[in-house]
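The residues of the chain are indexed from 1 along the displayed sequence.
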Amino acid sequence: MKIFEEVFREEWDRSLNRWTLFTILAIAVLLGFLLQDGYSRYNASLENAKTFQATEKEKVGQYVLYTQYGAYGIRLMFKPSPMSIFFSNSTVFKDMTANFDSGERLNITVNLKGENLFAQKAGEYMDFSGIINLVGILLALLYGFFGAHNKDYLLFLSCLGDYRTILRCLLISRIILINLVLVALSGLALLWLLILGVPIPVGFFLTYLAVAMLMLSIFVTAGFIIGSVNKTIVGLAFLVVIYFASTFLIPWAVLKITSVNAYDITSNYKMELEKVKLMMDVEKRSYEKVGIYNSQKEAPDDVKQIAREALDNEFKKFSEFENKMKDEMSDKSNFFDVISMLFPTTFYLANNYELSSQGHLNFHDFYAYTIKEKFQFVDFYAEKKIFTKPGDKIESFIKGNENLFVAKSRLSNHFWPGLLISLAWLLGLYFVACHRVKKYLFPDAEYKNAYANLDIDLKTGKYIAFEITQTDAVHQFLNTLSGKGRDFNGKMSIDGEKIVPGKNNDVLIIPNPAAIPGNIPVRTLARFFANMLALSPEDKSKIETAAGGKTGKMQFNALLPQDKVNFLLTVAGLKKCRVYVLYDFTRGLSTRYKRIVKEWVMHMTEQGKMVIDLPELSHLYMKTDYYSGIDFNGEMYEEQKIFEYNSPD
């Protein structure tokens with residue numbers, strides 16, 4: 001817990017810089033604008049509902065005959081939940097009404113019946129939840145990526161404590177921090193709407209927030225894995241591919257697969273034809289039996305009998321046709337739900353559809369409600385048109401709010417399985433990340449028997465410069481020396497004591513000062529290293545002094561080069577080790593700063609420590625300058641050319 005606290009505080013201060021604050025502010029402004037847009041749309045829908053009801057009521061007052069009422073029919077309006085404010089574009093549909101008459105017509109607009117329900121929607125990311133998806137995933141990937149990509153810094157940290165714990169704490173800290181930003185922005189949005197008096201269902205809002213947090217956590221972890229790719233350009237290419245696949249390609253593929261699967265839904269046109277045939281059968285039977293009668297007068301008994309038979313037969317078949325299509329669409333929606341829950345972003349989007357109240361489930365309920373109301377209206381129309389005397393005042397079918405369908409936020413049918421699958425994604429990626437970053441820092445040997453003939457006996461109290469000609473050999477030397485690798489098959493010992501592969505040794509790998517993240521405040525680094533090493537207050541003050549006393553808000557990259565070198569070497573010296581490895585430490589340093597290194601090396605060797613200079617292969621040209629700049633005593637320096645491959649070739 002102590003290590004997590006220190007790593008979290010370091011990551012907090014590292015992330016809390018002006019660029020981060022500017023990014024958060026920019027996102028907050030964008031989210032605020034889109035939230036206000038959603039709020040305006042929701043208010044407009046409430047006003048439209050009032051106007052709609054008033055208009056429908058006024059229309060009934062204009063009818064003279066029930067025949068007119070039956071011909072114009074009834075309109076129903078869909079009224080969304082307040083949660084729709086967060087999903088003003090991330091919905092299956094937006095505004096929707098239904099219209100049906102006393103005959104075969106039943107329309108739902110915008111026309112979503114059949115395969116149209118699963119068509120690609122335009123602009124679905126331009127709302128609060130869409131930006132969390134579009135921008136949040138990108139930032140989560142980048143945040144995870146740069147948490148793991150600084151290999152030399154992570155090697156340094158791995159020597160300050162149990163490296164597995166440190167890596168886990170680093171990843172978990174970044175997951176928590178990005179979710180804290182999400183919670184803060186979402187909390188402000190919720191508070192603002194509650195102040196405005198919008199009755200947001202808090203339980204459903206928290207459900208949305210939990211799914212969004214889970215999604216961002218998954219992509220921070222994915223970014224952490226991608227960050228362990230050795231070449232930056234390759235890692236960033238992977239990141240771009242993952243981002244576009246997750247936010248665009250996979251959601252599009254899910255919709256496309258569902259749309260193709262929906263092609264076998266009964267055609268609207270075919271169903272209309274069947275309904276017209278039934279209506280014509282009623283008309284034909286009525287004409288053959290009764291002929292033409294004056295609809296201004298009370299219907300004769302024969303007409304009433306035909307009407308009763310039509311209600312019991314043909315009009316029931318109308319409802320059966322509509323219910324059959326509703327069931328077919330419901331099956332396809334269930335299919336969409338099942339394949340959506342398999343991937344985090346599609347699960348997030350599918351869940352948003354239902355939370356917005358403008359998803360598949362509420363559409364099906366609206367459809368069912370419309371069918372029920374239509375059948376009742378036909379009964380009402382027949383009663384008034386056929387079974388009552390003409391001349392009476394036209395009575396409205398709508399007695400209250402029956403022409404408004406008030407939708408509610410819901411969970412998708414497969415919410416809990418989808419949540420468990422997303423949790424499985426997170427846990428799976430978490431274990432992959434821990435394993436992958438370990439391999440990144442301490443890679444396996446390229447060839448199993450490459451170093452079988454190697455025998456090195458290192459001596460303490462010496463400064464040793466190793467010129468290693470293979471990158472893999474550098475890795476295996478560090479792995480074995482630090483005790484993080486097990487597949488070294490050569491021999492290595494310190495003062496005659498054999499180094500056992502996989503056994504932790506008293507070694508500190510010191511990176512080049514440029515490897516220390518420059519955006520971390522110096523005081524944060526001083527506190528972090530002091531606490532990780534459990535230093536006394538006196539030793540902590542030595543670190544502050546080494547940085548020139550600049551431990552205020554100044555960031556590490558603002559220090560002078562000599563202060564950076566002093567700072568890092570002071571921290572290294574306070575870590576009581578037997579062996580210190582200067583891992584490419586002098587790259588980019590001028591001769592004057594290398595003299596600081598010389599003095600430190602002499603001080604450490606005088607104390608009986610061993611200092612190993614291990615430049616990366618790409619910077620071996622620096623060795624000549626290094627030796628010409630510092631005149632080492634012959635007793636302190638011995639140059640060994642080691643680690644040649646015994647290649648199988």
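Applying the side-chain contact (heavy atoms from CB on, under 4.5 Å) test to L188 and every residue at least two apart in sequence or in another chain returns nothing. Here T20 pairs with N17 under the side chain to side chain donor-acceptor pair (under 3.5 Å) rule; sequence neighbours left out.
Listed by first and then second residue, the salt bridge (charged side-chain N to carboxylate O under 4.0 Å, His left out) pairs that reach into residues 407-418 are D365-R410, sequence neighbours excluded. Here side chain to side chain donor-acceptor pair (under 3.5 Å) pairs that include residues 417-430, with residues two or more places apart or in two chains, number zero. Here ring pair (Phe, Tyr, Trp, His ring centres under 6.0 Å) pairs that include residues 13-40, with residues two or more places apart or in two chains, number zero.
Under a 3.5 Å cut-off, the side chain of Y243 and the backbone N or O of L134 do form a donor-acceptor pair. Here the side chain of Y208 pairs no donor or acceptor atom with the backbone of M83 at under 3.5 angstrom. Not a single donor-acceptor pair under 3.5 Å links the side chain of S259 to the backbone N or O of L255. Side chain of D127 to backbone of L35: no donor-acceptor contact under 3.5 angstrom is found.
Expressed to the nearest 0.5 Å, how far CE of M215 lies from CZ of F219 amounts to 7.0 Å. Here F366 contributes atom CZ and K79 contributes atom NZ; the two are 13.5 Å apart, rounded to the nearest 0.5 Å. Rounding to the nearest 0.5 angstrom, the gap separating the CG atom in L209 from the CZ atom in F86 is 10.0 Å. With rounding to the nearest 0.5 angstrom, the CE atom of M126 is 4.0 Å from the CD1 atom of I131. Rounded to the nearest 0.5 Å, atoms CZ (F244) and CG (L249) are 11.0 Å apart. To the nearest 0.5 Å, the span separating CG on N89 from CD on Q358 amounts to 10.0 Å.
Under the 30°/60° scheme for interplanar angles, the aromatic rings of H364 and H360 are found to lie parallel. The aromatic rings of Y63 and Y72 sit parallel, their planes meeting at an angle under 30°, below the 60° perpendicular limit.
With respect to F335, the side-chain contact (heavy atoms from CB on, under 4.5 Å) criterion is satisfied by exactly one of V338, D331, I339: I339. Screening L30, V29, I24, L31 for a side-chain contact (heavy atoms from CB on, under 4.5 Å) involving I27 leaves a single residue, L31.
With 3.5 Å as the limit, one finds a donor-acceptor pair spanning the side chains of S81 and S409. Side-chain contact annotation: S357 with N362, donor-acceptor N/O pair under 3.5 Å absent.
Side-chain contact between N133 and Y348 is present, with at least one heavy-atom pair separated by less than 4.5 Å. Contact of the L355 side chain with the L411 side chain is registered, since non-hydrogen atoms from C-beta on lie closer than 4.5 Å. Side-chain contact check for N403 versus R75: every heavy-atom pair is 4.5 Å or farther apart.
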Please tabulate, for the side chains in residues 173-182, all donor-acceptor contacts under 3.5 angstrom to protein atoms that are two or more places apart in sequence or on a different chain.
| residue | atom | partner | partner atom | Å |
| --- | --- | --- | --- | --- |
| S173 | OG | C169 | O | 2.6 |
| R174 | NE | E11 | OE1 | 2.7 |
| R174 | NH1 | Y143 | O | 2.6 |
| R174 | NH2 | E11 | OE1 | 3.0 |
| N179 | ND2 | I175 | O | 2.9 |
| N179 | ND2 | S217 | OG | 2.9 |

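Checked against the 6.0 Å centroid threshold, Y369 and F78 do not count as a close aromatic pair.
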Q.
Before you tell me yes or no, could you show the steps for S228 and R436 under side chain to side chain donor-acceptor pair (under 3.5 Å), namely the whole-Å CA-CA distance, both residues' side-chain angles and the distance that decides it to 0.1 Å?
A. CA-CA 7 Å; S228 64; R436 172 58 199 156; 3.0 Å; yes
